[in-house]
**Q** 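Here it is: the structure, laid out below.
Chain identifiers are assigned alphabetically (A, B, ...) following the order of the sequence lines, protein sequences preceding nucleic acid strands; residue numbering begins at 1 within each chain.
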Amino acid sequence: MKKLISLVLALVMLAGVAAVGEGFAASYDITVWVAEEIKELTAQQIEAFNSSNQYGIKFNATIEAVSEAVAADNMVNDVEAGGDIFCFPQDQFARLVKAGALSKLGVAASEKVTAENAAGVVAAAKSGDSLYAYPLTADNGYFLFYDKSVIPEEDIDSLEALIADCEAAQKYFAFEMQTSSWYLASFFFGTGCVSEWTTDDAGTFISVRDTFNSPEGLIAVKGMEKLVKSPFHLSSSKADSFESNAAVVVTGIWDYELAKQILGDNLGVSDLPSFTVDGEEYHIGSFNGCKLMGVKPSNDAYRQAALHFLAQYLTGEECQMQRFNAKSWGPSNLVAQASEEVQANPGLAALLKQAPYSVPQGQIHGSWWGIAQVIADDVKLATDEAGLQAALDNYQAKIEELFTLDNTALLFVGAWNGWNNADTDKTYYLASKGDGTYALTFDVPESGYMGGRVVNPGSWDTDKGFAQVTEGADLIQDLGADNPDNNIVFAAPGNYTITWDGEAFSIVKN
Amino acid sequence: MKRYSDLEYLRLSKLQKFLYRLESFFCSIPVAVWHTIKKLGLAIWSFIKGIGLGIAEVVTTFKNGSKPTRLSYVIMGAGCFAHGQILRGILFLLFEIVFIFYMVTTGAYWLSMLPSLGKLGPTKDYNVILDVYTTHYHDNSFKILLYGVLTIFFIIAFIYTWWVNIRQSKTAEQILASGKKLKSGRDDLRSLVDDSFHKTLLALPMTGILVFTVMPIVFMMLVAFTNYDGAHNGYSNNLFHWVGLDNFNTMLSWTSNTSSGAQSYAATFGEVLTWTLIWAFFATFTNYFLGMMVAMAINKKGIRFKKGWRTILVMTIAIPQFISLLYVSKMFAKNGLINNFLIDMKWIDTALPFFEKASWARVTVILINIWIGIPYLMLTATGILMNIPQDLYESARIDGASGWQQYSKITLPYMLFVTGPYLLTQFTGNMNNFNVIFLLTGGAPNNPAASNSAGTVGYTDLLITWLYKITMGAESQYYLASVVGIMVFVVVALITLVAYSLLPSIKNEEDFQ
């Protein structure tokens with residue numbers, strides 16, 4: 001159905017663009033916010049767009065140097081006064097969508113962006129099923145920078161060896177633990193923990209699957225403990241720490257030039273090391289993020305469409321390659337990523353080496369960053385295993401204060417609650433009876449389609465429905481092939497009790 | 001407590017005297033609190049009474065007044081016109097016309113929207129031909145609140161002017177009845193630079209204070225009663241609405257309410273407030289006494305290069321705090337200058353946790369604050385110390401007073417008397433000392449127990465830096481920040497009012513004159 005709609009729309013567009021082509025031919029005064037270092041390049045790129053586009057659009061652009069993080073804050077604080085086109089790091093995405101600061105992409109633009117960019121990056125620009133931004137880079141990841149004169153080559157794969165080398169040389173191991181969840185999460189990803197958040201189309205978070213508080217999480221904090229309790233651990237991710245007594249710094253591609261300047265030939269880069277807990281080795285993971293470009297909403301359709309054309313151009317292959325060549329910004333465009341120059345860049349090579357252990361950042365609740373951040377402090381204060389576990393319990397408690405954290409909850413979503421799979425009121429949650437069975441008693445109101453199925457909140461799984469009903473099959477309709485989603489469709493309205501024992505349903509009419 | 005007469009007091013031993021003074025100080029606190037509250041209550045009561053009298057006057061004037069006076073109840077300035085005061089009449093009438101024009105064109109809209117703060121949020125459209133989404137903005141809660149408040153201020157101003165207009169008409173009648181002449185427009189204008197010159201001078205500053213200080217404060221306070229935050233910014237996503245006292249409930253409740261997402265902030269608030277008070281106390285008094293000592297040391301006879309010493313100390317004022325504090329915070333960092341030096345000299349094996357451990361960080365910020373604060377106090381104290389009459393010291397020396405006795409009986413009381421109000425402003429200033437904390441530690445180290453989704457809270461966070469974190473945090477909880485702001489105001493106001501009435505400079509105003 002969706003395909004069909006987009007096909008129709010594409011046809012309408014082909015007919016439409018020819019007819020309204022002249023409608024664009026105008027000069028638009030716009031404000032563009034980009035990082036200082038690509039300010040001039042962007043000006044040139046907009047000039048190139050002005051002379052090359054087929055619609056006769058002319059942009060009279062005021063380009064302001066606003067760093068990505070600041071741009072996001074400014075947009076959230078005052079959308080009206082914001083730039084028409086602005087760049088931001090992906091962790092600000094949901095916040096911006098929620099603030100109404102991003103204009104949704106049209107159907108054609110969405111398809112083009114999805115096809116041309118790396119999948120993880122596209123997911124970062126998506127809320128629900130809607131794309132709200134254009135991928136700009138795909139290099140927001142971190143890896144190991146080290147001083148070859150202090151760290152022997154054979155030690156770079158082991159966290160313990162790195163710590164020992166640093167302590168022996170009285171040099172610092174800089175890994176930003178206390179002040180950044182972005183870096184801190186790496187230990188958890190290393191042991192296979194996840195924190196996956198889902199948003200709806202409006203940028204609201206509807207569910208989370210978080211396994212930081214688990215046996216794997218405990219292993220992760222044991223690894224972290226080795227680092228943060230070392231007197232030579234430094235909570236920093238700045239390459240200039242090399243100037244003040246650091247031998248190892250975990251940071252990203254943006255610091256490569258600076259690190260090279262400071263260390264010269266002594267600079268080594270590699271993927272993150274592994275740590276050992278109870279004889280098992282775990283390779284430290286990482287976040288793999290990107291920068292995005294957004295268009296501010298407005299009510300003028302032509303101007304808005306023209307701005308989207310520009311944003312699409314600025315994030316296209318050509319412009320991404322220009323930025324890579326000028327400033328080493330790692331491209332998100334698949335063609336650009338495959339080019340020889342990109343493959344040969346040493347920093348990007350290290351990032352690529354870390355890639356198998358990295359986790360696409362996706363959408364994460366803004367408050368998570370503050371909540372997770374304190375784990376490192378808790379771990380540092382912990383004196384025994386119970387203390388470490390307390391750190392994780394504290395973390396989970398905070399997440400639960402923020403959000404209903406329930407990885408195992410079951411929700412009977414359907415016509416009765418408007419197919420709302422977030423259902424924060426918990427009205428249609430199956431309650432545990434304590435013996436491994438879950439039950440819900442509820443009213444099925446009279447309606448055309450009295451159906452629904454049991455899912456984990458936030459998801460749309462189809463494995464708990466009609467096919468799993470063993471008792472009470474006479475109360476529900478067998479729709480056969482008309483029921484592709486495995487829905488339980490009641491035959492008549494009324495008050496029912498539905499019980500799930502882990503494998504099958506029994507339904508009783510009250 | 002038992003009060004001693006002077007004779008009885010002199011008979012006490014040293015310790016008993018000290019205890020007596022301590023006791024009487026603490027006993028005077030509740031009295032001072034009670035006095036403050038009583039004064040506040042009386043002020044409010046007389047304000048209400050004043051309004052009541054005003055209304056009564058309006059009613060009696062209407063009953064007894066002449067026709068022009070009665071007419072000026074509807075048409076402002078009518079009384080003035082009838083009594084020949086054309087200029088005043090025109091001004092009153094003009095004000096009424098402007099007011100009615102404003103109310104009809106926009107004021108009524110803002111006022112009518114104020115109770116709901118907006119009905120329709122932004123709507124989205126899809127333009128099929130251009131394949132583009134457009135957003136249409138409608139009500140703007142933020143503007144409604146702002147202009148609503150403005151309109152209310154305007155209405156109050158109007159009512160006051162209306163009342164003045166009636167009163168003037170009535171007074172004019174009385175003056176005419178007594179056979180005197182009324183002031184002409186020319187007289188009025190002349191009086192603006194003569195006997196009413198104070199009004200001319202104060203008009204601009206008063207308007208400025210009203211528009212740029214009072215109005216924003218009222219506006220920000222009202223935010224505490226709404227749900228204005230990142231997700232309800234009132235314009236581009238969702239409108240915000242009045243929520244009554246919910247936010248105060250959230251801030252002051254101990255139990256967290258998970259189902260509604262509200263959390264317990266009382267614990268965090270208590271913790272941050274305690275540290276804020278401790279900080280303000282130490283930051284103020286360490287600076288005060290150490291600054292005074294430095295000033296006295298430099299002032300001492302026989303000290304050479306007095307100007308040189310002062311210049312060195314004043315250098316810290318010359319460099320902007322923004323630069324010096326950031327630099328000092330780098331110096332004390334784990335891999336900063338100081339730690340690296342100490343390690344290089346082999347005096348320590350591992351870095352000292354200046355900003356890493358709660359107690360270390362707290363002591364460190366207080367110590368660094370001494371370094372910034374002493375020069376200011378030294379400058380102030382130098383001037384005051386030079387002002388103390390030298391004959392006091394001379395006679396003290398002749399009577400055989402020791403250096404300490406001279407200090408505690410002459411210098412300190414004199415200093416406290418002169419700088420009492422300054423100490424008070426320092427204390428409140430330190431409670432809101434954003435610069436030092438934010439630039440030095442940013443609140444670090446984190447306090448895991450107190451942190452929540454409104455933002456990470458650190459051991460050195462003051463209420464004011466916490467407020468900053470709430471505003472700038474992921475959720476941009478402006479309403480909560482506003483609540484914190486109001487609480488800070490209440491705490492500061494209480495301390496100031498009570499301390500003010502206990503100050504020697506206020507209690508014994510005549511002592512040193």
**Q** What residue, out of Asn127(B), Val132(B), Asn335(B), Asp125(B), has the most heavy-atom pairs lying under 4.5 Å from chain A?
**A**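 That would be Asn335(B).
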**Q** For Asn77(A), is it the side chain, the backbone, both, or neither that has a heavy atom closer than 4.5 Å to a heavy atom of chain B?
**A**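 When you check distances to chain B, atoms from both the backbone and side chain of Asn77(A) fall under 4.5 Å.
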**Q** Heavy-atom cut-off 4.5 Å, strictly under: side chain, backbone, both or neither for Asp378(A) against chain B?
**A**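 Contact with chain B: backbone and side chain both.
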**Q** Under a 4.5 Å heavy-atom cut-off, does chain B meet the side chain of Leu105(A), its backbone, both or neither?
**A**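 Only the backbone of Leu105(A) comes within 4.5 Å of chain B.
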**Q** Sort Tyr235(B) into side chain, backbone, both or neither according to what part of it lies under 4.5 angstrom from a heavy atom of chain A.
**A**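 The side chain, not the backbone.
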**Q** Can you tell me which portion of Lys171(A) sits under 4.5 Å from chain B's heavy atoms? Options are side chain, backbone, both or neither.
**A**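 When you check distances to chain B, no heavy atom of Lys171(A) falls under 4.5 Å.
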**Q** Do the side chains of Ser476(B) and Val76(A) get nearer than 4.5 Å, heavy atoms only?
**A**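 They are in contact (side-chain heavy atoms under 4.5 Å apart), so the answer is yes.
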**Q** Do you know which two heavy atoms are closest between Ala108(A) and Asp131(B), and how far apart they sit?
**A**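 Smallest heavy-atom distance, with atoms named: N-OD2, 2.8 Å.
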**Q** For Lys357(B), which atoms come within 4.5 Å of any heavy atom of chain A: side chain, backbone, both, or neither?
**A**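 For Lys357(B), there is no contact with chain A at all, as no heavy atom is under 4.5 Å.
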**Q** Considering only heavy atoms, which portion of Ser110(A) lies under 4.5 Å from any heavy atom of chain B: side chain, backbone, both, or neither?
**A**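 Neither part, no heavy atoms under 4.5 Å.
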**Q** Heavy atoms under 4.5 Å from chain B: which residues of residues 91-104 of chain A carry them?
**A**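 Only Arg95(A), Lys98(A), Ala99(A), Gly100(A), Ser103(A), Lys104(A) of residues 91-104 of chain A have a heavy atom under 4.5 Å from chain B.
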**Q** Heavy-atom cut-off 4.5 Å, strictly under: side chain, backbone, both or neither for Gln170(A) against chain B?
**A**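 The side chain, not the backbone.
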**Q** Checking Asn233(B) against chain A: side chain, backbone, both or neither under 4.5 Å from a heavy atom?
**A**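 It is the side chain, since no backbone atom gets that close.
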**Q** Look at atom NZ of Lys229(A) and say whether more than 12 heavy atoms of other residues, nucleotides or ligands are closer to it than 6.0 Å.
**A**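 Enclosed.
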**Q** Sort out for me which of Ile343(B), Thr134(B), Leu337(B), Asn238(B) touches chain A most, counting heavy-atom pairs under 4.5 Å.
**A**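 Greatest number of close heavy-atom pairs with chain A: Thr134(B).
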**Q** Can you tell if the side chain of Asp377(A) reaches within under 4.5 Å of the side chain of Tyr459(B), non-hydrogen atoms only?
**A**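 In short, these two side chains do not touch, never coming nearer than 4.5 Å.
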**Q** Just checking heavy atoms, which of residues 347-354 of chain B are less than 4.5 Å from chain A?
**A**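 Counting heavy atoms that sit under 4.5 Å from chain A, the residues of residues 347-354 of chain B involved are Asp349(B), Thr350(B), Ala351(B).
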**Q** Is chain B contacted by the side chain of Ala109(A), its backbone, both, or neither, given a heavy-atom distance below 4.5 Å?
**A**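 For Ala109(A), the contact with chain B is made by the backbone alone.
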**Q** Find out whether Asn299(A) and Tyr137(B) are in side-chain contact, i.e. whether some heavy atom of one side chain is under 4.5 Å from a heavy atom of the other.
**A**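 A side-chain contact under 4.5 Å is absent here.
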